Trainee: 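Please see the structure below; I have some questions.
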Amino acid sequence: ITCTAEPQQDYVFIGWWNNGKGPYTVNPWITQADTTNDYVTARFASVDNVKKQTINISGSGTVDIDYQYSDVSKLRTTKTTAQNTFVNAWKNSSVTLTAEAFANYEFDGWYEGGTRVSTAATYSYTADDAKTITAKFKNKVNKLAVSVLNYNPEYDKFEEYGYEYN
């Protein structure tokens, strides 16, 4: 059985609840026809009450998104490694993002537009409007420093030259 949630104008889909558990934000909802006592409910909210939060990742790492998805809900955590992950956070609620870098990468900061808003791995803000936040991870660069001693017979002395390689 396939159920598709289609919000009316000025409403957004916030998730499916299956036997009271949710939200599950996959849409459409697909279940086996032989499932018994399966109660699935689609929930919607007015666009005035939720603000779309888009989370992007630049580099290699993951982001945990903690957010409130309705006026009566507890916090929900979503983990992502994908570009353009979005959640509908309840207006004026707190959104907390936690970044974790993959091997050989380090967290560079949280960016809104081109402006870095935090360098801490955990960043919280208020969902007072639709926002796009980017977690930037940079490759840890191993540098190799080389010093070369060269004998200059004209001056009868050694000269030292230094080089750095990324």
Side-chain angles (χ1 to χ4, degrees), residues 1-31 40-145 164-166:
I1 299 172
T2 301
C3 301
T4 303
E6 295 181 8
Q8 294 180 353
Q9 184 175 347
D10 297 328
Y11 283 83
V12 294
F13 171 68
I14 60 171
W16 292 102
W17 272 253
N18 184 14
N19 294 327
K21 295 179 183 174
Y24 301 100
T25 56
V26 62
N27 194 21
W29 178 269
I30 300 172
T31 187
V40 180
T41 305
R43 291 193 183 166
F44 302 89
S46 165
V47 294
D48 295 332
N49 292 332
V50 295
K51 298 299 176 185
K52 183 177 180 179
Q53 307 301 300
T54 304
I55 311 303
N56 291 316
I57 296 176
S58 173
S60 291
T62 64
V63 173
D64 285 347
I65 310 165
D66 292 328
Y67 66 101
Q68 185 175 341
Y69 54 85
S70 76
D71 59 340
V72 295
S73 69
K74 297 178 181 173
L75 285 180
R76 172 172 178 155
T77 300
T78 300
K79 183 184 269 312
T80 186
T81 58
Q83 286 290 0
N84 294 316
T85 297
F86 76 90
V87 297
N88 287 312
W90 199 253
K91 183 179 179 180
N92 293 324
S93 67
S94 179
V95 176
T96 300
L97 307 173
T98 304
E100 185 177 342
F102 287 155
N104 298 319
Y105 280 81
E106 60 189 6
F107 180 66
D108 181 54
W110 296 106
Y111 291 78
E112 188 171 357
T115 304
R116 184 163 56 188
V117 293
S118 178
T119 58
T122 299
Y123 173 59
S124 295
Y125 64 93
T126 300
D128 54 356
D129 205 353
K131 296 185 186 208
T132 298
I133 307 289
T134 301
K136 290 191 180 181
F137 299 91
K138 62 183 180 181
N139 198 348
K140 290 182 182 177
V141 178
N142 296 322
K143 291 186 178 183
L144 173 64
E164 269 193 8
Y165 299 94
N166 290 332

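Small disclaimer: the values here were computed from a predicted structure and weren't measured. Positions are given from 1, in the same order as the sequence printed here.
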Trainee: Do T2 and W29 touch side chain to side chain, with heavy atoms closer than 4.5 Å?
Mentor: no
Trainee: Measure the spacing between CG of D129 and CG of N92 and express it to the nearest 0.5 Å.
Mentor: 9.5 Å
Trainee: Under the criterion side chain to side chain contact (heavy atoms under 4.5 Å, CB included), I'd like the reasoning laid out for F13 against N88: C-alpha separation, chi angles, the key distance, then a yes or no.
Mentor: CA-CA 9 Å; F13 171 68; N88 287 312; over 6 Å; no
Trainee: Using a distance-only test with no angle check, is there a side-chain donor-acceptor pair under 3.5 angstrom linking E112 and Y123?
Mentor: no
Trainee: With a 6.0 Å cut-off on ring centres, are Y11 and F44 close enough?
Mentor: no
Trainee: Taking all non-hydrogen atoms of both residues, which atom of K136 and which atom of F107 are closest, and how far apart?
Mentor: O-CD1, 3.6 Å
Trainee: Any heavy-atom pair between the side chains of K51 and K131 that's under 4.5 Å?
Mentor: no
Trainee: Would a 4.5 Å heavy-atom cut-off, applied to side chains only, mark T126 and V95 as touching?
Mentor: no
Trainee: If I compare all heavy atoms of S118 with all of A120, which pair ends up nearest, and what's the gap?
Mentor: OG-N, 3.1 Å
Trainee: Measure the spacing between OG1 of T41 and CG of N18 and express it to the nearest 0.5 Å.
Mentor: 8.5 Å
Trainee: Should we count OH of Y125 as having more than 12 external heavy atoms under 6.0 Å?
Mentor: yes
Trainee: Does a side-chain heavy-atom distance below 4.5 Å link K138 with Y105?
Mentor: no
Trainee: Rounded to the nearest 0.5 Å, what separation is found between the CD1 atom of I65 and the OG1 atom of T98?
Mentor: 10.0 Å
Trainee: Can you confirm whether W110 sits close enough to V63 that some side-chain heavy atom of one is under 4.5 Å from a side-chain heavy atom of the other?
Mentor: yes
Trainee: Are D108 and R116 close enough for a salt bridge, meaning some N to O gap below 4.0 Å?
Mentor: yes
Trainee: Could you check whether any side-chain heavy atom of I133 comes within less than 4.5 Å of a side-chain heavy atom of L97, counting everything from C-beta outward?
Mentor: yes
Trainee: Specify the closest pair of heavy atoms between A45 and V50, including all atoms of both residues, with the distance to one decimal.
Mentor: CB-CG1, 3.9 Å
Trainee: What is the distance from atom CD of E100 to atom OG of S60, rounded to the nearest 0.5 Å?
Mentor: 12.5 Å
Trainee: Could you give the distance from NZ (K52) to CZ (F86), rounded to the nearest 0.5 Å?
Mentor: 5.0 Å
Trainee: Given side chains that start at C-beta, do those of S58 and T134 come closer than 4.5 Å, heavy atoms only?
Mentor: yes
Trainee: Is the closest side-chain heavy-atom distance between W16 and C3 below 4.5 Å?
Mentor: yes
Trainee: Going through the checks in order, is the side chain to side chain contact (heavy atoms under 4.5 Å, CB included) test met by Y67 and Q53?
Mentor: CA-CA 10 Å; Y67 66 101; Q53 307 301 300; over 6 Å; no
Trainee: Return the minimal non-hydrogen interatomic distance between G61 and F102, and the atom names on each side.
Mentor: N-CD1, 3.5 Å
Trainee: CD1 of I14 to CZ of R43: how many Å apart, nearest 0.5 Å?
Mentor: 7.0 Å
